[in-house]
Number of protein chains: 2
Amino acid sequence: MNRQQYAYEYPHAAVATDCAVFGFDGQNIKILLVKRGIEPYKGLWALPGGFMRMNETTDECIRRELHEETSFLPSVIEQFAVFSAIDRDPRERVVSVAYYSLVRQSEVVGGDDASDARWFALGALPDLAFDHKEILAKALQTLREKIHFEPIGFDLMDRYFTIPDLQRLYEAILGVRFDRRNFMKKILQSGVISESNEGVAAPASRHAGRTPKSYTFNKDVYEAMKGNGRFKMEF
Amino acid sequence: MNRQQYAYEYPHAAVATDCAVFGFDGQNIKILLVKRGIEPYKGLWALPGGFMRMNETTDECIRRELHEETSFLPSVIEQFAVFSAIDRDPRERVVSVAYYSLVRQSEVVGGDDASDARWFALGALPDLAFDHKEILAKALQTLREKIHFEPIGFDLMDRYFTIPDLQRLYEAILGVRFDRRNFMKKILQSGVISESNEGVAAPASRHAGRTPKSYTFNKDVYEAMKGNGRFKMEF
DNA sequence: ATATTTTTGCGTATTATTAACACCAACTAT
DNA sequence: ATAGTTGGTGTTAATAATACGCAAAAATAT
């Protein structure tokens, strides 16, 4: 059987997708990486992703690859850049369509040390395959720019959360500190969250101090504020 | 000679680039289109663009194609989306990396009615080839979102311009009206422009009313404000 | 138990930014 | 000249951002 069965008049690059999956453990931003099982870069860590098939779009491709490699179907994916350096893959010319995704860490299996998918803190990244370090850096930059004028959290926080938790998320992404009381006022009067009487984290498992109230996102208000330029979280 | 000389183990999509080139004539936003000289969609208007070669990145590709089709080398291009619908090109599977660009209309030859490159007002678009109508719509949406938190104008206005001209640009892009006097204050105290004693449009060619002052962009301040989230132009 | 520490929630004074509008200046057309 | 039109400056009121003071609630220490 001929192994070179697909022929074209002009040379073609391969199209692939890669995704920077961000999670939040309540303290720090984490990134989901998978260990490569084949050459090239076998044994190194990489962003989940893979080659596009002829019967799928790039969006469908990255969702399929994420599911295959991390057993997870993300709700939010955003395409943010294309990487097309000529020698970025040693096998052949590969153009990668890059995405980022925000997920609740608890929803992704990973974590198991023996597994080939694991969360890494941004400050403790291993060496990455291909140009994935560059892709990750650009993904993080895009996320940081976006957080200024779009509410973020819905996809990273649990269904029920506290305002101090949400503040820690913003501070972790932006690398700054907010005034507790002003953050609270701002987020409350934006209307994206409202108080909930349903469960908050186990009372005993908390730190010292007063138990914070439990909140949940108003999905309608939240969605309406995406991209309309009216939400602001300065630094 | 074999016309199918490039063979691969797996099927490959072709990679192409397309660019929505925006211009401003002092009154309305215009878009630069080229008339297709070959099938498919021969004779229809399309966004400038074409297939990527093996020795160039997508950025280099779109710059080359723009130069070939419109005799213009743009200073600013931004990659904003990828279009990968399976049947978007009748010839073969094509994944298009989409860009937008902002140019001074005067710098682009086009314009000649007989030529195959022409400016069109957004309200008077012809039928477009492929999915280019969709690409253009998304480009415009991206531009409108970006204008909220990035200064825009440097690439669309002439070197010397007046504040009322700049206001008309913002109003044309956003489709809203600003208060003349507040717009002026806001743009001036942002520091992105400063007064110039050099030429403004010929005094006789103006409308009735007082002759406006001439301004020019402070390139350093302008660049610094891109993407730092500090520039705001609300509506 | 009681005091101490920690953290949350609410309020208030100060400052900065936005928004609305009155008024004068400069130019054109008649 | 006079009316009509457009550009530039200033003033004020409403709104939002910022910086804290202080008490309530819950865990920890004694």
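Keep in mind that the numbers below use all heavy atoms, side chains included, and drop hydrogens, waters and symmetry copies. Please read all numbers here as calculations on a predicted model, not as lab measurements. Numbers restart at 1 for each chain; the letters A, B, ... are given by sequence-line order, proteins then strands.
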Taking [X] first and then [Y], would you say they form a salt bridge - that is, a charged N and a carboxylate O separated by under 4.0 Å?
X: B/Asp25; Y: B/Lys30; result: yes
X: A/Glu68; Y: A/Arg64; result: yes
X: A/Lys146; Y: A/Glu78; result: yes

Quiz prompt | A/Phe83: partners by ring-ring contact (aromatic ring centres under 6.0 Å, His included), with sequence neighbours left out | solution =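 None.
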Measure the distance from [atom1] on [X] to [atom2] on [N] and round it to the nearest whole Å.
X: B/Gln189; N: D/dT9; atom1: CD; atom2: P; answer: 13 Å
X: B/Gln167; N: D/dG7; atom1: CD; atom2: P; answer: 9 Å
X: A/Met184; N: D/dG21; atom1: CE; atom2: P; answer: 19 Å
X: B/Glu195; N: D/dG8; atom1: CD; atom2: C1'; answer: 10 Å
X: B/Met233; N: C/dA19; atom1: CE; atom2: C1'; answer: 14 Å
X: B/Phe178; N: C/dA19; atom1: CZ; atom2: C1'; answer: 13 Å
X: B/Asp165; N: D/dG7; atom1: CG; atom2: C1'; answer: 12 Å
X: A/Lys186; N: C/dC10; atom1: NZ; atom2: P; answer: 19 Å

Quiz prompt | Listed partners of A/Ser75 passing side chain to side chain donor-acceptor pair (under 3.5 Å), at least two apart | solution =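 For A/Ser75, no residue satisfies side chain to side chain donor-acceptor pair (under 3.5 Å) once neighbours in sequence are set aside.
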N/O to N/O distances under 3.5 Å, protein versus nucleotides 21-25 of chain C:
from, atom 1, to, atom 2, distance (Å)
C/dC21, N4, B/Arg181, NE, 3.4
C/dA22, N7, B/Arg181, NH1, 3.1
C/dA22, N6, B/Arg181, NH1, 2.8
C/dA25, O4', B/Arg210, NH1, 3.4

Quiz item: Just to confirm, is there a sub-4.0 Å distance from OP1 or OP2 of D/dA16 to any side-chain nitrogen or oxygen of B/Lys232?
Solution: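 B/Lys232 to D/dA16 OP1/OP2: no side-chain N or O under 4.0 Å.
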Quiz item: Aromatic rings A/Tyr222 and A/Phe154: how do their planes relate, parallel, tilted or perpendicular, breaks at 30° and 60°?
Solution: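 Ring orientation, 0 to 90° scale: tilted.
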